[in-house]
Amino acid sequence: MSRHPARIQKICQILKTRYPDVKTQLNHRNAFQLLVATILSAQCTDRQVNAVTPNLFAQLKTPEDFARAPIETIETLIHSTGFFHNKAKNIQNCARMLMERFDGKVPDTIDELIQLPGVGRKTANVVLGAVFGIPGMVVDTHVARISQRLGLTSSKDPVKIESDLMDIIPKSKWNDFSLWLIYFGRAVCNARKPDCPNCFLTHLCPYPDKRI
DNA sequence: CTCCCGATAT
DNA sequence: ATATCAGGAG
């Protein structure tokens with residue numbers, strides 16, 4: 001179980017008070033759109049993703065549309081999110097696999113989701129939580145960094161961090177916890193210049209005024 | 001481990 | 001100029 005149950009409980013309580021109504025910031029209308037938007041979000045801000053998805057989903061609506069489209073069309077539509085060659089290819093092959101193996105629908109298990117091109121555990125857990133309400137710990141750059149700073153894990157491996165966090169956070173809070181750290185990471189505990197002097201978790205953090 | 005890559009903040 | 005952004009694949 002938890003090595004610091006009281007401290008972790010306080011951290012969760014404070015985060016919940018600060019961020020009572022968290023949800024994904026990736027704009028979408030359905031499961032497929034969220035899957036595509038999350039693939040696009042790799043090493044890219046949500047803001048940049050939300051800037052391209054309205055036009056992207058106006059041009060290409062269904063997995064069939066993405067499967068048939070010339071790759072250059074997809075590349076152009078997503079260009080500003082970066083890694084556009086890889087992302088376009090992954091999204092198209094993802095759409096094709098959805099049609100061939102999953103009846104054109106987004107699957108609801110992590111084992112199936114991570115089979116899709118461009119979909120790793122982070123993307124899969126985003127979709128599981130937001131679309132299907134299935135508990136999952138989303139370990140992105142924010143969750144990894146802040147978990148290390150708070151001393152909730154000593155690992156740099158996202159898979160190990162995910163496991164460490166699932167061991168110390170109640171399953172019912174996995175989805176919210178990920179989002180709390182992401183909101184917190186953007187607003188306070190950012191990568192380059194964490195605002196420790198004004199941080200509401202400093203008294204519970206073993207590494208105030210330090211960088212990891 | 002390296003590569004993929006544009007947009008933004010510092 | 002450099003670091004970073006809701007990572008994933010080879």
Side-chain angles (χ1 to χ4, degrees), chain A residues 15 19 21-28 31-56 71-72 74-98 106 110-132 134-149 153 155-163 165 169 174-196 211-212:
Chain A
L15 286 169
Y19 310 117
D21 191 28
V22 289
K23 61 182 189 298
T24 177
Q25 300 303 114
L26 295 167
N27 297 334
H28 62 284
F32 177 65
Q33 288 190 357
L34 180 60
L35 180 64
V36 172
T38 310
I39 292 173
L40 291 175
S41 73
Q43 295 294 293
C44 178
T45 60
D46 285 9
R47 175 179 162 182
Q48 280 302 120
V49 176
N50 289 334
V52 308
T53 47
N55 186 42
L56 174 66
I71 194 66
E72 296 83 2
I74 302 177
E75 288 182 348
T76 299
L77 288 167
I78 70 168
H79 178 271
S80 64
T81 65
F83 297 156
F84 61 91
H85 288 300
N86 286 344
K87 288 177 180 177
K89 185 190 304 176
N90 284 335
I91 289 169
Q92 180 163 73
N93 288 334
C94 182
R96 289 172 175 167
M97 188 178 290
L98 287 178
V106 178
I110 192 162
D111 289 333
E112 291 174 309
L113 281 164
I114 63 177
Q115 293 177 30
L116 299 166
V119 180
R121 297 190 64 84
K122 175 258 173 179
T123 297
N125 278 318
V126 168
V127 172
L128 287 175
V131 175
F132 301 108
I134 296 173
M137 192 65 76
V138 176
V139 180
D140 71 330
T141 183
H142 295 293
V143 174
R145 179 183 69 250
I146 294 167
S147 297
Q148 291 164 17
R149 287 177 177 171
T153 182
S155 177
K156 294 181 179 178
D157 173 20
V159 177
K160 180 66 165 71
I161 295 172
E162 182 185 337
S163 172
L165 293 177
I169 303 295
W174 288 355
N175 296 114
D176 282 349
F177 186 79
S178 303
L179 284 165
W180 289 335
L181 292 197
I182 291 165
Y183 279 55
F184 176 58
R186 289 170 176 157
V188 181
C189 195
N190 57 40
R192 297 184 69 163
K193 193 175 185 298
D195 193 7
C196 298
R211 305 286 191 89
I212 295 179

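Quick note on labels: first sequence line is chain A, next is B, and so on, each numbered from 1. Values reported hereafter were calculated over all heavy atoms of this structure, with side chains retained and with hydrogens, waters and symmetry mates removed.
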Contact under 4.0 Å: [X] side-chain N or O vs [N] OP1/OP2:
{"X": "A:H85", "N": "B:dC4", "answer": "no"}
{"X": "A:R145", "N": "C:dC5", "answer": "yes"}
{"X": "A:Q43", "N": "C:dT4", "answer": "no"}
{"X": "A:T141", "N": "C:dC5", "answer": "yes"}

Within this structure, what is the [atom1]-to-[atom2] distance between [X] and [N], rounded to whole angstrom?
{"X": "A:F83", "N": "C:dA9", "atom1": "CZ", "atom2": "P", "value": "13 Å"}
{"X": "A:D195", "N": "B:dT10", "atom1": "CG", "atom2": "P", "value": "12 Å"}
{"X": "A:L40", "N": "C:dG8", "atom1": "CG", "atom2": "P", "value": "12 Å"}

Toward the 5' end of DNA chain C, by each residue's nearest nucleotide, A:T38 or A:G118
A:T38
Of A:K23 and A:I114, the one whose closest nucleotide on DNA chain C sits nearer the 5' end is A:K23
Nucleotide of [options] approaching [X] most closely (side-chain heavy atoms):
{"X": "A:K122", "options": "C:dC5, B:dC5, C:dA6", "answer": "C:dA6"}
{"X": "A:N90", "options": "B:dT8, C:dA6, C:dA9", "answer": "C:dA9"}
{"X": "A:R192", "options": "B:dC5, C:dA3, B:dA7", "answer": "C:dA3"}

Compare all side-chain heavy atoms of A:K87 with those of A:L40 and state whether any distance is below 4.5 angstrom.
yes
Using heavy atoms to find the nearest nucleotide of DNA chain B for A:C44 and A:R47 separately, return the residue whose nucleotide is more 5′.
A:C44
With a 6.0 Å cut-off (strictly less than), is the heavy-atom count around CZ of A:R47, excluding the residue itself, greater than 12?
no
What interatomic distance, in whole Å, is found between P of B:dA9 and the corresponding atom of C:dA6?
12 Å
Quantified in whole Å, what is the P atom distance between nucleotide B:dC4 and nucleotide C:dA1?
22 Å
If we ignore angles and hydrogens, is there a donor and acceptor under 3.5 Å between the side chains of A:S178 and A:K122?
no
Which of A:K156, A:Q148, A:M137 passes side chain to side chain contact (heavy atoms under 4.5 Å, CB included) with A:I161? It is A:Q148
For a quick check, tell me whether the side chain of A:T45 and the base of C:dA6 share a donor-acceptor pair closer than 3.5 Å.
no
